[in-house]
Amino acid sequence: STTRVRVFWGTLQWPFCNNREFFFATSGITLCNSRYFYFAINMHHDDKINPRAVSERIRGLVAEFLAGRPQLHISLAWAVVNNETAVVHIFDGQHKAVAQMLLGARKLPVRVFLNPDLEILLETNTRAGTILRQVAFDKSVQRYLGSQIYWEKIEEFRRATGRNQDDLSFSEQELMAFFKGEHREIKRYILDDVRTAVIHSSENKLRDFIEFGGKSTVKPLSYNTVEKTFFSLFIRKEPMNVPLNYKIELGENPRQLEKTQMVELMNIFAEEIFHGKYDFDRGTYRVEEAIRKGEEITDPHLRAVRMAREEILYNILRYIRDCIKRFYLLNEGRSVEDGDLFQQKFPPLLWEHLQRMVRNFAALPIWINRDATVSSAVFGGKQTYDFWKHIFDSGTTPSGFKVLAKGLTLDILLSA
């Protein structure tokens with residue numbers, strides 16, 4: 001909301017803001033013999049420095065403020081001042097700010113970095129939540145911040161090489177060579193940009209079933225699970241030597257294909273396994289224990305919970321990978337490396353194969369088997385990737401317990 005606030009202007013030394021910073025508060029304070037100014041300020045949730053969403057933890061802070069126990073650390077923000085208006089982006093203390101606004105507060109104490117060097121501020125806040133671990137960032141937030149830094153580095157590269165603001169006629173490898181002392185970081189930022197584009201795509205239907213704030217019993221998937229399955233198997237990890245804008249106008253840019261086709265694959269999983277089937281009210285809490293007690297859980301929900309397990313999802317995607325590789329070998333007579341799979345434009349026939357494959361996986365009887373022995377021996381605890389690889393390949397657990405009628409093959413999974 002927009003509120004008129006009193007601003008205290010000082011000359012404190014601070015590297016982020018060209019030796020200037022300003023504060024606004026609910027009562028008058030003289031700071032460094034400051035002059036008073038009035039600004040109309042728009043308060044915004046930050047979408048650059050720290051974009052994590054306000055979570056359910058807001059309830060606890062609302063209760064604290066209601067009980068008269070104010071949380072004393074003030075919020076941090078940045079702003080670019082233009083004439084008498086500043087858009088203030090809060091990047092630290094968002095929950096405290098929102099909790100107070102929900103209770104009717106229209107004036108908040110906030111420390112604002114004025115006209116900051118956003119690259120330095122972004123990197124500083126990222127290091128606080130990762131390397132220094134002052135406030136641990138969730139993995140998804142770390143990836144988002146890495147993506148932001150990646151584009152800041154691109155801007156820095158353009159300025160240093162005299163390029164236009166929209167110039168993308170250089171490669172990821174050229175960026176790596178330019179930032180010689182930061183090649184590991186640049187490589188990570190490149191991958192973070194791919195991960196972020198996929199997971200935050202407005203077209204991604206699977207994201208409704210992903211918990212971004214760590215572990216949860218409400219949603220079936222965690223962000224970490226997505227990263228260890230979809231991303232670990234299908235994102236090209238090595239920087240590319242083609243320009244960032246290579247064939248982008250034709251829709252054939254390798255990185256862009258990688259992003260859009262991963263979203264499309266995730267959508268198949270969302271439609272075949274989760275959408276209209278997973279019960280958010282029931283969630284994942286002690287599902288196997290409930291099965292063994294004879295409690296009522298629908299088949300679609302049980303199937304979704306079991307197939308969302310990391311070790312199971314990884315092995316399902318292993319078959320997806322092999323299906324794609326075999327398609328190119330049989331239909332085009334060429335072998336495609338694992339890291340390049342999603343950078344090839346999939347023909348409609350291949351998409352039909354992938355959808356049929358996921359559908360046939362979902363139809364396996366094991367997912368809705370309520371036998372107590374199966375529930376405890378097969379689904380009772382987290383298993384290794386190799387445990388489920390053995391089941392899918394042979395039909396039995398490593399100890400010989402029969403789980404499937406027979407081992408799975410691509411031909412079986414592609415049958416109509």
Side-chain angles (χ1 to χ4, degrees), residues 198 205-206 221 225-237 254 257-258 260-275 277 300 303-304 306-369 374 378-379 383-398 400-416:
V198 171
K205 299 176 183 177
L206 191 64
L221 294 164
T225 293
V226 173
E227 188 155 304
K228 292 176 181 178
T229 54
F230 287 96
F231 292 167
S232 69
L233 284 168
F234 299 135
I235 291 180
R236 177 191 170 96
K237 297 174 178 60
L257 279 173
E258 185 176 55
T260 57
Q261 294 190 147
M262 285 189 65
V263 169
E264 194 162 348
L265 178 65
M266 288 181 172
N267 288 346
I268 291 176
F269 276 79
E271 292 163 0
E272 297 293 336
I273 301 171
F274 300 106
H275 186 67
K277 303 172 181 68
R303 179 185 297 110
R306 286 175 169 176
M307 291 186 73
R309 296 175 67 146
E310 179 189 317
E311 61 272 26
I312 294 174
L313 183 58
Y314 181 89
N315 278 284
I316 292 173
L317 291 173
R318 185 172 60 87
Y319 279 88
I320 294 289
R321 178 195 61 195
D322 293 346
C323 175
I324 299 170
K325 296 180 72 171
R326 189 176 81 159
F327 180 89
Y328 282 112
L329 192 60
L330 294 180
N331 290 273
E332 299 184 12
R334 62 191 180 100
S335 176
V336 181
E337 297 297 322
D338 289 1
D340 298 330
L341 286 178
F342 277 72
Q343 297 188 345
Q344 320 288 315
K345 188 171 180 61
F346 293 175
L349 180 60
L350 177 53
W351 283 117
E352 290 177 19
H353 287 183
L354 298 181
Q355 183 153 23
R356 185 182 307 137
M357 204 169 193
V358 175
R359 187 171 296 163
N360 285 340
F361 257 114
L364 293 175
I366 185 61
W367 312 128
I368 56 175
N369 189 322
V374 170
V378 180
F379 297 106
Q383 303 289 356
T384 64
Y385 288 5
D386 285 342
F387 179 88
W388 276 96
K389 181 181 184 300
H390 194 284
I391 289 177
F392 286 160
D393 290 348
S394 68
T396 68
T397 66
F401 182 79
K402 195 169 185 60
V403 177
L404 303 175
K406 57 182 177 180
L408 301 176
T409 65
L410 290 179
D411 289 333
I412 291 173
L413 291 168
L414 289 170
S415 61

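Starting from 1, each residue takes its place in the sequence as its number.
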A.B. asks: Do Leu350 and Pro347 have side-chain heavy atoms sitting under 4.5 Å apart?
C.D. replies: yes
A.B. asks: Looking at side-chain heavy atoms only, is the closest gap between Leu313 and Val226 below 4.5 Å?
C.D. replies: no
A.B. asks: Carefully, step by step, assess Met307 and Phe361 under the rule side chain to side chain contact (heavy atoms under 4.5 Å, CB included).
C.D. replies: CA-CA 9 Å; Met307 291 186 73; Phe361 257 114; 4.1 Å; yes
A.B. asks: Measure the CG-CG distance between Asn369 and Leu364 for me, rounded to the nearest 0.5 Å.
C.D. replies: 11.5 Å
A.B. asks: Please name the pair of heavy atoms, one in Phe231 and one in Lys237, separated by the smallest distance, quoted to 0.1 Å.
C.D. replies: O-NZ, 4.1 Å
A.B. asks: Excluding sequence neighbours, so at least two apart, what forms side chain to side chain contact (heavy atoms under 4.5 Å, CB included) with Asp340?
C.D. replies: Arg236, Val336, Glu337, Gln343, Gln344
A.B. asks: So how far is it from Leu265 CG to Gln261 CD, rounded to the nearest 0.5 Å?
C.D. replies: 9.5 Å
A.B. asks: Quick check: closest heavy atoms across Ala308 and Thr225, and the distance to 0.1 Å?
C.D. replies: O-CG2, 4.0 Å
A.B. asks: For Leu257 and Phe342: C-alpha separation, side-chain torsions, deciding distance, then whether side chain to side chain contact (heavy atoms under 4.5 Å, CB included) applies.
C.D. replies: CA-CA 7 Å; Leu257 279 173; Phe342 277 72; over 6 Å; no
A.B. asks: Provide the closest heavy-atom pair for Gly407 versus Ile412 in the form atom of the first, atom of the second, distance.
C.D. replies: O-CD1, 3.6 Å
A.B. asks: For a quick test of reading the model, state the closest non-hydrogen atom pair linking Asp393 to Tyr319 and the distance between them.
C.D. replies: OD1-OH, 2.8 Å
A.B. asks: Excluding sequence neighbours, so at least two apart, what forms ring-ring contact (aromatic ring centres under 6.0 Å, His included) with Trp367?
C.D. replies: Trp388
A.B. asks: What heavy-atom pair brings Ser232 and Thr229 nearest, and what distance separates the two atoms?
C.D. replies: OG-O, 3.3 Å
A.B. asks: Between CG of Leu408 and CG of Asn315, what distance do you get to the nearest 0.5 Å?
C.D. replies: 10.5 Å
A.B. asks: Within the distance-only criterion (no hydrogens, no angle test), does the side chain of Glu310 pair as donor or acceptor with the backbone N or O of Lys228 below 3.5 angstrom?
C.D. replies: no
A.B. asks: Are the side chains of Ile316 and Phe392 in touch, meaning some heavy atoms are under 4.5 Å apart?
C.D. replies: yes
A.B. asks: Kindly say whether Leu341 contributes a backbone atom to a donor-acceptor pair with the side chain of Arg321 at under 3.5 angstrom?
C.D. replies: no
A.B. asks: For His353, check ring-ring contact (aromatic ring centres under 6.0 Å, His included) against everything at least two apart and list the hits.
C.D. replies: Phe327
A.B. asks: Roughly how far apart are Ile235 CD1 and Asp338 CG, rounded to 0.5 Å?
C.D. replies: 13.5 Å
A.B. asks: Quick one: CD1 on Ile268 to CE on Met357, what's the gap to the nearest 0.5 Å?
C.D. replies: 11.5 Å
A.B. asks: State whether the side chain of Arg306 and the backbone N or O of Ile312 hold a donor-acceptor pair below 3.5 Å, judged by distance alone.
C.D. replies: no
A.B. asks: Apply the test side chain to side chain contact (heavy atoms under 4.5 Å, CB included) to residues Phe234 and Leu317: give CA-CA distance (whole Å), side-chain angles for both, the deciding distance (0.1 Å), then the verdict.
C.D. replies: CA-CA 9 Å; Phe234 299 135; Leu317 291 173; 3.9 Å; yes
A.B. asks: With rounding to the nearest 0.5 angstrom, report the CG to CD1 distance, Asp386 to Ile391.
C.D. replies: 11.5 Å
A.B. asks: Write out all pairs satisfying side chain to side chain donor-acceptor pair (under 3.5 Å) with one or both partners inside residues 264-275, taking only residues at least two apart or from two chains.
C.D. replies: Lys205-Glu271, Glu272-Gln355, Glu272-Arg359
A.B. asks: Please find the pair of heavy atoms, one from Ile366 and one from Val403, that lie closest to each other, and give the distance.
C.D. replies: CD1-CG1, 3.3 Å
A.B. asks: Would you please name every residue forming a salt bridge (Lys or Arg N to Asp or Glu O under 4.0 Å) with Arg303, sequence neighbours left out?
C.D. replies: none
A.B. asks: Kindly write out the residues that satisfy ring-ring contact (aromatic ring centres under 6.0 Å, His included) with Phe401, not counting sequence neighbours, or none if the list is empty.
C.D. replies: none
